[in-house]
Asker: 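Below you will find the structure I want to go over with you.
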Amino acid sequence: MSLALQTSFATPPKWIEGRSRDTHENAVFSAEMLRRAGVDTVVLVTHEYHQRRGLAEFAATGIRAIPAPVTLAPPDRDRTFLEHLPNAGSLRLSALALHELLGYLVLAPKE
């Protein structure tokens, strides 16, 4: 994101969180840094498949996150027969979806 801000928008980032190893740590470390600066709301720019869990992670820290998903889906088009067959790319997306779902379920509020 830092590189995108600088190269695409000629805007240097004001804060950079560089310690995290995963989404949970990113939310926790970012929240600490942003609260010290008096920030309580952010725009969460992330992949659409990751948005729900990212929002939940930031909500758990008390930081309000406004979703700004980046889509990965290609535009609708006619598919060839071979594109309907199972393939490694689809398996990867299935694994990613399962990872996000399980991560979100861990965060889901217990009723």
Side-chain angles (χ1 to χ4, degrees):
M1 183 53 72
S2 173
L3 182 61
L5 281 172
Q6 293 175 62
T7 58
S8 298
F9 302 101
T11 303
K14 191 166 186 176
W15 302 282
I16 296 176
E17 188 287 300
R19 299 182 297 156
S20 62
R21 296 170 295 171
D22 56 30
T23 303
H24 173 75
E25 286 183 357
N26 177 251
V28 170
F29 298 155
S30 293
E32 292 170 0
M33 178 176 48
L34 294 169
R35 266 200 282 299
R36 284 193 303 268
V39 175
D40 62 1
T41 303
V42 297
V43 175
L44 182 60
V45 180
T46 191
H47 297 292
E48 64 184 345
Y49 62 80
H50 185 67
Q51 193 73 223
R52 183 176 184 183
R53 188 164 60 94
L55 291 170
E57 289 285 4
F58 274 90
T61 70
I63 295 287
R64 178 176 173 255
I66 299 167
V70 177
T71 186
L72 295 177
D76 287 338
R77 61 176 175 76
D78 290 336
R79 298 187 187 281
T80 67
F81 172 75
L82 291 177
E83 290 177 307
H84 290 280
L85 297 176
N87 61 63
S90 295
L91 182 60
R92 181 181 158 276
L93 289 176
S94 295
L96 182 59
L98 185 58
H99 172 86
E100 291 300 323
L101 175 63
L102 292 174
Y104 180 76
L105 291 175
V106 168
L107 291 170
K110 310 300 183 260
E111 295 179 24

Asker: Might you point out which heavy atoms bring I63 and A31 nearest each other, and give the distance in Å?
Answerer: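 Of all heavy-atom pairs spanning I63 and A31, the closest is CG1-CB, 3.6 Å.
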Asker: Would E57 and T61 count as having a side-chain donor-acceptor pair, cut-off 3.5 Å?
Answerer: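 No, because no side-chain N or O of E57 sits under 3.5 Å from a partner of the opposite role on T61.
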Asker: Around atom CZ of R64, are there more than 12 heavy atoms of other residues, nucleotides or ligands at under 6.0 Å?
Answerer: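 It does not: R64 CZ has 12 such atoms or fewer within range.
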Asker: Of the non-hydrogen atoms in T46 and H50, which two are nearest, and what is the gap between them?
Answerer: OG1-CD2, 3.2 Å
Asker: Side chains of E25 and D22: closer than 4.5 Å at any heavy-atom pair?
Answerer: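 Yes, their side chains come closer than 4.5 Å.
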Asker: Can you name the residues that form a salt bridge (charged side-chain N to carboxylate O under 4.0 Å, His left out) with R36, not counting sequence neighbours?
Answerer: none
Asker: Could I get the full list of salt bridge (charged side-chain N to carboxylate O under 4.0 Å, His left out) partners for R92, not counting sequence neighbours?
Answerer: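 Here no residue qualifies.
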Asker: Report yes or no: do V70 and V43 belong to one cluster of Ile/Leu/Val/Met/Phe/Trp/Tyr joined by side chain heavy-atom distances under 4.5 Å?
Answerer: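 Yes, one cluster joins them.
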Asker: Is there a path from V39 to M33 through hydrophobic residues (I, L, V, M, F, W, Y) whose side chains come within less than 4.5 Å of each other?
Answerer: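 Shared cluster, yes.
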Asker: Does a donor on one side chain sit under 3.5 Å from an acceptor on the other, for N26 and E17?
Answerer: yes
Asker: Quick one: closest heavy-atom pair of L55 and A65, and the distance?
Answerer: CD2-O, 3.4 Å
Asker: Considering non-hydrogen atoms only, spot the tightest contact between S30 and F58 and give its length.
Answerer: CB-CE2, 4.0 Å
Asker: In sequence, state the C-alpha distance, the side-chain angles, and the governing distance for L44 and Q51, and then conclude on side chain to side chain contact (heavy atoms under 4.5 Å, CB included).
Answerer: CA-CA 8 Å; L44 182 60; Q51 193 73 223; 3.6 Å; yes
Asker: Please check this pair: side chain of T7 against backbone of L3, looking for a donor-acceptor N/O pair closer than 3.5 Å.
Answerer: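 Yes, the answer is positive, given that a donor and an acceptor are paired below the 3.5 Å cut-off.
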Asker: List in chain and number order the residues that pass salt bridge (charged side-chain N to carboxylate O under 4.0 Å, His left out) with E100, two or more places apart in sequence or in another chain; answer none if no residue qualifies.
Answerer: R53
Asker: Mind checking the CZ-CZ spacing from F29 to R21? Nearest 0.5 Å is all I need.
Answerer: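 Reported to 0.5 Å precision, the distance equals 7.0 Å.
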